Each structure stands twice: as C-alpha cells, then as structure tokens.
Amino acid sequence: MCGIIGYIGHRPATPLLLDGLRRLEYRGYDSSGIALMNGDGIKVMKRKGRLAELEALLSEDGQKLESTVGIGHTRWATHGVPNDINAHPHFAMGEDLVLIHNGIIENFSELKEYLVGSGYSFQSDTDTEVLANLILEFYEGDLLAAVTRALLRVEGTYGIVVMHKNHPRSMVVARKGSPLVVGVGKDEIFVASDLAAMVEHTRDVIFLDDNEIGIVEDGEFNHFNLDHSPIKRKTTHIDFSLEQIEKGGYSHFMYKEIMEQPQTLMDTMRGRILDDGSIKLGGLIQHMDELAKAERILFLACGTSYHAGLVGEYLIEELAGIPVEVEYASEFRYRKPVIPPNTVAFAISQSGETLDTLEALREAQSRGALALAVVNSVGSTIARESVGGVYLHAGPEIGVASTKAFTSQVTVLVLIALLLRQQRMGLDEMSVEITQAMRQLPEKATRILEDQSQILDIAKMFCRASNFLYLGRGTQYPVALEGALKLKEISYIHAEGYPAAEMKHGPIALIDRNMPVFVLAAENSTSNRKILSNTQEVRARDGVVIALVTEGDTRMDDLANHTLYIPTTHRLLVPLLAVLPLQLLSYHVADLLGLDMDKPRNLAKSVTVE
Ligand code: M6R
C-alpha cells in the first residue's frame, strides 16, 4: 500500500527520504518518487518500479540535491496503471504546488470535470492530481486555507502532504481514513504514513486523527480541526526499536517472524494469565459489565485475521456458550447487518489500518454494538477508534504474509474466550487445564521450528505442484484455510482450504495423482477421527496425502504418503501449533522457487483501500 515520508530540518532531505521509503517498501508498491524544495521552485523525480529505479534516476540526474525540505512516496496503484506519470508526487498545473497522497478520492471524476471547466489540464490518470489542482484552485496565498477548502469538497480517504514553492520551509498535512503521523526531532520534523519510516530519527510522535489538518514548519507543528479550531495533543513516545523492524540476521522478514513465535506467544500471554489460571485483560477492564451481558459476539476481519476469527468462533462457542459470527469486514458493511442488543463486535487486525475492517467496526458501532478490537499496531486507527480491546504485543510484522500475528491473534482469542467463560462459570477445571497448556506452548513451538528437515523435504517434493488442497475439521478447518492462503500468496501455487467432510461435495473431483492434499489431523477427538475416512477418500483416488498428526498418533501410518508430527497440547490449542508447519512449508516452497516472499506480487501489507 502507498507510503508517505516528509522532512523539514537541517540535514539533506534526499537520503532521509530514500531511507524512509526503503522502510516503507514492505507495505507493497509499484512506483516511487520524491519532491524537493529546490531554490525558488520544486523538483520532482519519480519512477515506475522498485526504489532502485528512483535511485538510478537520481544519480542519472546528476544535480546536487542539497535541499533540506522534501517529501517522498511509494505508490500502490489504484487509479491509473503503475507508470512514471501516475507515480507520486503530483504537481498541480504550473508546477508551483506538489502533493503526495494515500487513499482514494471517490468523487474525483466530478471534481476533475469542474476543474477542466475552469481551464485545468491533467497529465496523469490519478485522483491525486485532481486533488492537487483543486487545492491550487483555492490557493490565494494561504496554503493551509487552500487545502482545507479543497478537503471540504472531497469524498473519500486521504493522508496527504502538500508543498508550495511560495512556502519553502513548510508543508501542510491532513488525514481522513489513511494514517499519518508527525515525528518531532531536534530542530527537525518528519511526517510519515508509518512509524517505521521515521523511527530511526525520532520516537516522539503525534498521531493525526481523521478530519485533522496541520502545518509543519521549521521545528514546529501546529494542528487543527477542519474548522481551524486548534488541537493540542501531546507527543507520544514510541517504544519501538529499529532493530525490531530489521531482519535480525534472517534471510527474510517472513522467516524471522515465523521463528519469533515462541517469543511472541510469550509476549502475548505475559501478565494476562494469573497464577491461579484466571485471566486479566487490561484493555477490557472498563467493559467487564458489557462483556458479562454479551449475548452475541461478532468478529470483523479480513484475510489471515478472518481465519483467526474463525478459530475464535469455535473457542468462544465451546468455552463461553455465546453465539459468535465471523464476518468478512468488506461484506459486513454493505449488507444491512442486524445487530441485536448486547452485541459485542471485535475488529481483528494486525495493522489496525485495514480500511474494510475499520469501516465494518464503525458500522457495527453505529448500529449499537460495543466496538472493541484485537490489534497488533499500537496507536493504529482501529486501536484508537475502538472503545477498548487487546493488543497482540507481537512486535512489528513486516513480511506481507501474516504469520506471528495469526498465532498471537488466536492466543488473544483463547484468552478472551476464557475470560468470558470465567465470568459465566467461575474458574473451573477446564479453564485451569487450558491455561496450564498455554504456558507450555512457547516450548512446544520451539520444538516444531527447530527441526525443519522433514518440512523442507516435502517442500522440495511438491514445490512444482500446480494445486494444493488443505483439509481440516473443527478448529483445524480455519488452519487449513490459513495454510492455503499462505501458500498461494507467496508461492503463487493455487491452493484451497476446505472442511474435510465438504470435500466429497465437489472438490473431490480434482483429486488425482498430481494433487497433494494436506490433511490436518492433529488431535484424536471423536469428531476428528472422521478425518481418517476423508483421507481414505483421497487415497482411493490416487491423491497424495501429507498428514499432520500429534506425536505418538499412529492412525495415519498406513494412510498418508508423508506424515509430519507436532507435540500434543490441549485440543482447543491445536491451531496454535498446527499452523507452524504450514507457514514453514509455504516459506520453503517460495524460497525453493526463488520468489521474494517478503514482497509477493500484487500484494500490500496494509490494505487501506476498499
Ligand atoms: O492488518 P490486517 O490483519 O487487518 O490485514 C488483513 C489482511 O489484509 C491480511 O491478513 C492479509 O490477508 C495477509 N496478506 C495474509 O497473509
């Protein structure tokens, strides 16, 4: 997704902007560019493709770019194909005013028509160039006033930074729906869409909220509501080290994040399971009465976070006896959802910025639900807009394929399910058993991650397959969905996850000797025993079975072609261990195929468009 960085200070801006853009690469992009205050004008340089292309352009250009004021952008195309012209920054006509923008201007065609009628012409296909010209249309010497007037005409979402040559040491910033944060350093100010872009230089930041606008000048930041009433918000100190967002010696962020899971599981649980097994979640304390009365739980999420929500559905229904619905956030907001009284909605999101999820939570809240969140990114929009919730404490997740966030999300959902159970039934034997088993998870996860030889062998055998099927029952069904998502997004191999018994209602037609089928059978409950017959059905049609079972389980010995083992745990915690071999398998397959799993094609880390 698009990324923004801006700088006003005393150091040369170009290297700072390029560094910031490099730290934003993980969000996904297809072009990049910078704009610098340059003497009495503004110089824009932009290129389709990777940052290296922009760097090549800068060195080709050969000019000494010593400006100490500039903005940079990585674009992920929405309006107009990825090319040099559509890349940001965008000049307004006359090249006095320049703009970078994250988000989408929904009424851009009407605005463009109006501007064309007023004599404006356009170079690109973008909504951003329309906004740049709209600001210019209102410019009468006061940049803040012009941006405000333009934004009042705009429908859609934006995080923007605007510069005008008449104001060589200032820039105007504004946000609605697309994150923007201002970093305050010593005699220098940064603006970015993401803390990662500036954390090397400052950790004292001010988060902008929706419908806020601000002006950055030398060493100073003032910010306002769109009616220009001033906002006084203190800086927040972020405890977030650069090392945390670097690879720490691993070849890829995704691999680092997979391997971190024993630690992140511990971090997610830390301080939340008391010695006697009771659960304490600080972010929910204010809402204990509403949770005690909850008659329905709603999980709103996308992608991997949606799969975590599906695991949560099994957990809460079994442990607390409360009906749960898990909704794709994008679908929820556009069908007229019925929210009965005493509904508690949880947005689940790693980034806390997924627009579909944010809008779904707003919709649920506007219909009377208590709006809570399970989020990883501290200070993100969803975290700030929800009235309470639980942070994952998994640290920044950079790899586009979500891994450690999933296990931390499921861990938090186990904790929430136990909290709801304990509110209703007191601290019983089952609660205690589960919390004891949770404490052992980090060590068991380490055992799985330590020896990858068998998974690597399987990756070598199947990395040329064209299709994969993942089957599971109960809580392992969402894990099957997650395994399939991981494989397709980073190795581009088509993969489907199915409830194992559903296979015979259609997908069985696909089974032949070229179809590897990953069967998740990692526990020995009555319902899961039925997976043996589902596996028979695959073998009877020449399908190749890779089975995942718990140590000591011999049921698959004569059935599966290949068997992987995970340590035993409480039946409800199996997803937390079963997903690890699936993450590793996807990683190794992509690696063997020579693909860049940290930046898979067409994907963005944080999806801030609908
Ligand atoms: O940041 P979020 O958890 O809200 O993101 C939701 C999805 O975009 C995300 O999980 C996506 O599916 C990942 N690429 C999965 O690996």
Side-chain angles (χ1 to χ4, degrees), residues 1 26-28 76 177-179 193-196 252-255 257-258 261 264 299-312 326-333 345-362 373-386 389-392 394-413 470 478-479 481-492 495 497 579-580 582-587 590 595-610:
M1 208 83 332
Y26 75 90
R27 296 167 63 100
W76 187 78
S178 265
S193 51
D194 191 316
L195 286 170
H252 297 96
F253 283 115
M254 182 187 177
Y255 192 52
E257 288 155 8
I258 292 173
Q261 288 174 100
T264 51
F299 288 132
L300 304 167
C302 307
T304 288
S305 301
Y306 173 80
H307 298 155
L310 290 176
V311 179
V326 192
E327 300 262 3
Y328 280 119
S330 54
E331 288 300 314
F332 174 81
R333 74 175 285 222
F346 281 93
I348 307 176
S349 174
Q350 186 287 129
S351 61
E353 301 294 352
T354 302
L355 191 59
D356 286 324
T357 309
L358 173 63
E359 291 295 351
L361 187 67
R362 286 175 176 160
V374 174
V375 164
N376 194 32
S377 290
V378 176
S380 57
T381 309
I382 293 177
R384 285 181 292 125
E385 287 211 8
S386 50
V390 188
Y391 277 122
L392 302 185
E397 189 180 68
I398 309 293
V400 167
S402 190
T403 52
K404 63 176 181 173
F406 177 79
T407 44
S408 287
Q409 285 165 338
V410 172
T411 304
V412 165
L413 295 174
Y470 287 74
V479 180
L481 294 177
E482 178 58 10
L485 177 65
K486 280 300 80 90
L487 188 70
K488 66 186 137 195
E489 67 182 335
I490 60 167
S491 70
Y492 319 141
V579 75
L580 303 179
L582 305 192
Q583 295 171 345
L584 285 170
L585 179 67
S586 308
Y587 170 81
L595 298 168
D596 181 354
M597 66 290 286
D598 281 342
K599 297 185 202 92
R601 69 181 181 207
N602 305 338
L603 282 177
K605 179 64 182 163
S606 174
V607 184
T608 49
V609 292
E610 284 186 79

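Read the numbers this way: they start at 1 and go in the same order the structure lists the ligands and their atoms. The model shown is predicted, which means the values in this text are computed figures rather than measured ones. We're numbering straight along the sequence, starting at 1.
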Subject >> Protein heavy-atom partner closest to atom 1 (O) of ligand 1 - residue, atom, separation in Å >> reply: S351 OG, 2.6 Å
Original post:
Between D596, L603, D598, which is the residue that forms a side chain to side chain contact (heavy atoms under 4.5 Å, CB included) with V400?
Top reply: L603
Subject >> Nearest-option assignment for atom 3 (O) of ligand 1, heavy atoms, candidates S305, G399, G303, C302 >> reply: S305
Original post:
Side chain or backbone of K486 under 4.0 Å from ligand 1, or both, or neither, by non-hydrogen atoms?
Top reply: side chain
**OP:** Look at atom 2 (P) of ligand 1 and find which of T354, T403, I348, T304 reaches it with the closest heavy atom.
**Re:** T354
Original post:
Under 3.5 Å, is there a donor-acceptor pair between the side chain of S491 and the main chain of K488?
Top reply: no
Original post:
Of all the non-hydrogen atoms in the protein, which one sits nearest to atom 16 (O) of ligand 1, and at what distance?
Top reply: E489 OE2, 2.4 Å
Subject >> Proximal ligand 1 atoms for Q350, defined as those under 4.0 Å from one of its heavy atoms >> reply: 1 (O), 2 (P), 3 (O), 4 (O)
Subject >> Non-neighbouring partners of Y492 that pass ring pair (Phe, Tyr, Trp, His ring centres under 6.0 Å), sequence neighbours left out >> reply: none
Subject >> Under 3.5 Å donor-acceptor, E257 side chain and I398 backbone >> reply: yes
Original post:
Would you say V400 contacts ligand 1, with heavy atoms under 4.0 Å as the rule?
Top reply: yes
Original post:
Any donor and acceptor pair, going by atom type alone, linking the side chain of K404 with main-chain N or O of E397 inside 3.5 Å?
Top reply: no
Original post:
Please state which protein non-hydrogen atom is closest to atom 8 (O) of ligand 1 and give its distance, to 0.1 Å?
Top reply: V607 CG2, 4.1 Å
Original post:
Between T357 and E353, is there a donor-acceptor pair closer than 3.5 Å when you use the side chain of the first and the backbone of the second?
Top reply: no
**OP:** Identify, by atom number and element, the atoms of ligand 1 in contact range of A401, meaning under 4.0 Å from any of its heavy atoms.
**Re:** 16 (O)
**OP:** Kindly write out the residues that satisfy salt bridge (Lys or Arg N to Asp or Glu O under 4.0 Å) with R362, not counting sequence neighbours, or none if the list is empty.
**Re:** D210, E359, E385
